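First comes the structure, then the notes that go with it.
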Amino acid sequence: MDLVEMTLDVMKYTIDRISNVTPELGAPKKEEELFELVGETVTPKGIGGEVAFKMFKDILVKATVPIDHPRHLAFVPAAPSRAAIMFDLVTAASSIHGAYWMEGAGGIFCENQAMKWLVSLTGLPKGSFGVFTSGGTAANLSALVTARETWRSRNTENKNLKSLLLTSNGAHSSVQAMAKVMDADVAIIDCPDENLQGYALQTAISELKEEDRKRLFAVVATGGTTNAGIIDELDTIADVCEKEDLWLHVDCAYGGGALAAPSVRHLFNGIERADSITIDPHKWLFSPYDCGAVIYKNIELAKEAHSQKGSYLEIFKDEGAEGFNPADYQIQLTRRVRGMPLWFSLAMHGTDKYRESIERGIELAQIAGKKIESRENLELVRPPSLSVVLFRRKGWSPSEYRDWTYKNHKEGLALVTPTKWRKGDDYETISRFCFINPETTEEDIDIILDSME
Ligand SMILES: Cc1ncc(COP(=O)(O)O)c(C=O)c1O
């Protein structure tokens, strides 16, 4: 009975939550404050599901920010579809081990259906394929480990070299963080507009010392920078990578959803020449956390880099159990079939609905840009790009942007955070919108802009 009641409670909460389009914009509390409110929750006898769940509903969830709030326009927000959220529950309830086909075939089949669509958006040649990861960071790491293994296996001398990768100042922080994990060096090409182009890449390569050129194994370009939504000039970058025989990884963790949007698809031209690509369905493809994806032009190279060996794993590779084994293509072994919610939502709604919802994010950025231009105290820092808008409140200092962020958050109005953009030799603090949720309205934008008066 307890279990039935608990299930009904959970379903009621879930249905209420996903049908609420403007959930309370929660704010953090200090850990001591939360502890004072709920006390010790893990005890030898347990506090009971009802009590624990009530604590979560009444206190703890209110100390979190719902990332799908229509006026949460900070960082890269998210707006998981209701279908995907419901199927996330089904994914958990089904207890599927997503590492190997032998145990996870039906779930991995669903993931692969969704992956097939993702791969088709990239235009990569036949034979390209990918796998779902815990996010963009893990996807970038998986791709770069594959790139380095490939580089090392091509020339035994490379095994003794500390590897080096080239990227730009527009690249996401995870590229440098993952290079640290791999013990690889990173050289940053400083691009004035955070937009890497082939000529700048060629210049940077020619300026490398001979010993550094030997260590260079990959270039990381960005398909939608986190800060400004800028897409590197992928075609000219691919020209240079082909000429210099370098692995090209394109990080589209944020921007990847826009590959499905005809209005901006041309900006990604050249992506079909990449060796690997990161796309995060938990950003602009309406999947619940966490769900990233890494796609390879030659997925066999990923298998050589990542496939784990152990006597206890041999059965998975046996002919009788053979099938697509996601564990072979990225850094994780045991894994949730985290592409299943995306699959269900795609299967239910169809890809046209995805295209429309992504186009709406781009349209909202254009609408916000026009509204900003029409107000006397606001101005655009640069034209909106993908779904990102950078703008300034004339006359505001960095602390005024910060105070405004906190005030709106505290009042439950909106979460919009400041960022920085280059101004001459220095950096200026400005404001930034990133649209994902197609249910954000024009009125939501007005409410936020009004609060800057
Ligand atoms: C371009 C880009 N790459 C990588 C990441 C890291 O992705 P994740 O947070 O899913 O690990 C982000 C996150 O915002 C991103 O915008």
Side-chain angles (χ1 to χ4, degrees), residues 65 67-68 72-80 84 88 118 122 130-145 147 165 167-182 186 188-189 191 193-196 218-232 234 237 248-259 264 267-268 271 274 276-295 330-332 335-336 338-339 341-342 358 361 365 385-390 415 417 419-420 432-437:
V65 174
I67 40 112
D68 57 334
H72 179 331
L73 305 180
F75 321 113
V76 180
D88 207 39
L118 277 191
T122 66
V131 63
F132 292 99
T133 63
S134 63
T137 303
N140 285 341
L141 178 60
S142 300
L144 292 172
V145 167
L165 68 88
T167 192
S168 79
N169 53 336
H172 187 257
S173 52
S174 63
V175 173
Q176 290 198 55
M178 290 308 97
K180 213 183 282 173
V181 172
M182 294 167 61
V186 181
I188 304 277
I189 305 169
C191 307
D193 203 21
E194 291 187 4
N195 179 218
L196 181 62
V219 171
V220 179
T222 311
T225 60
T226 319
N227 204 24
I230 293 167
I231 299 155
D232 287 341
L234 301 177
I237 292 171
L248 172 58
H249 176 67
V250 185
D251 179 2
C252 296
Y254 152 62
L259 289 165
V264 293
L267 300 174
F268 292 87
I271 195 166
S276 54
I277 299 170
T278 288
I279 300 177
D280 268 1
H282 70 201
K283 290 193 169 65
W284 211 353
L285 289 168
F286 315 110
S287 287
Y289 294 141
D290 47 20
C291 185
V294 58
I295 300 172
Q330 43 76 49
I331 57 169
Q332 203 174 348
R335 62 182 284 283
R336 177 183 178 77
R338 54 170 55 83
L342 172 66
I358 293 159
S385 191
L386 295 183
S387 67
V388 179
V389 187
L390 298 184
L415 186 62
T417 48
T419 187
K420 288 198 167 101
R432 172 181 172 280
F433 288 154
C434 180
F435 294 96
I436 296 285
N437 190 343

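Order of appearance sets the numbers: ligands from 1, and atoms from 1 within every ligand. Nothing here was measured: the structure is a model prediction, and the numbers come from that model. We use all heavy atoms of the structure for the numbers below, so side chains are in, but hydrogens, waters and symmetry mates are not.
Of the protein's non-hydrogen atoms, H172 CE1, 3.4 Å is the one closest to atom 6 (C) of ligand 1. At the shortest separation from atom 3 (N) of ligand 1 among protein heavy atoms lies D251 OD2, 2.6 Å.
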Would you sort out whether N140 and S174 count as a side-chain hydrogen bond (donor to acceptor under 3.5 Å, both in side chains), showing the intermediate values?
CA-CA 8 Å; N140 285 341; S174 63; 3.3 Å; yes
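The NE2 atom of H172 sits 10.0 Å away from atom OG1 of T222, with the distance rounded to the nearest 0.5 Å. Atom-to-atom distance recorded for L196:CG and I231:CD1 is 13.5 Å, nearest 0.5 angstrom.
The contact set between ligand 1 and G136, taken as ligand atoms under 4.0 Å from a residue heavy atom, comprises 7 (O), 8 (P), 10 (O), 11 (O). Each of the following atoms of ligand 1 lies closer than 4.0 Å to a heavy atom of H282: 10 (O). Numbered from 1 in the order shown, with element, the atoms of ligand 1 that lie under 4.0 Å from a heavy atom of D280 read 7 (O), 8 (P), 10 (O).
With a 4.0 Å cut-off on non-hydrogen atoms, T137 touches ligand 1 through its backbone as well as its side chain.
No side-chain donor-acceptor contact under 3.5 Å links D68 and N437.
Screening V264, I358, I230 against L386 for a side-chain contact (heavy atoms from CB on, under 4.5 Å) leaves a single residue, V264. In summary, of the residues considered (F75, F435, W284), a ring-ring contact (aromatic ring centres under 6.0 Å, His included) with Y254 occurs for W284 alone. Results of the side-chain hydrogen bond (donor to acceptor under 3.5 Å, both in side chains) test with D290 over R336, R338, H282 single out R338 as the only residue that passes.
An N or O contact shorter than 3.5 Å is missing between A253 and ligand 1 by distance. In terms of polar-atom proximity, T226 is counted as a contact of ligand 1, with an N or O under 3.5 Å from an N or O of the ligand. Taking distance alone, with nitrogen or oxygen atoms compared against 3.5 Å, K283 approaches ligand 1 more closely than that limit.
Contact annotation: S174 has at least one heavy atom less than 4.0 Å from an atom of ligand 1.
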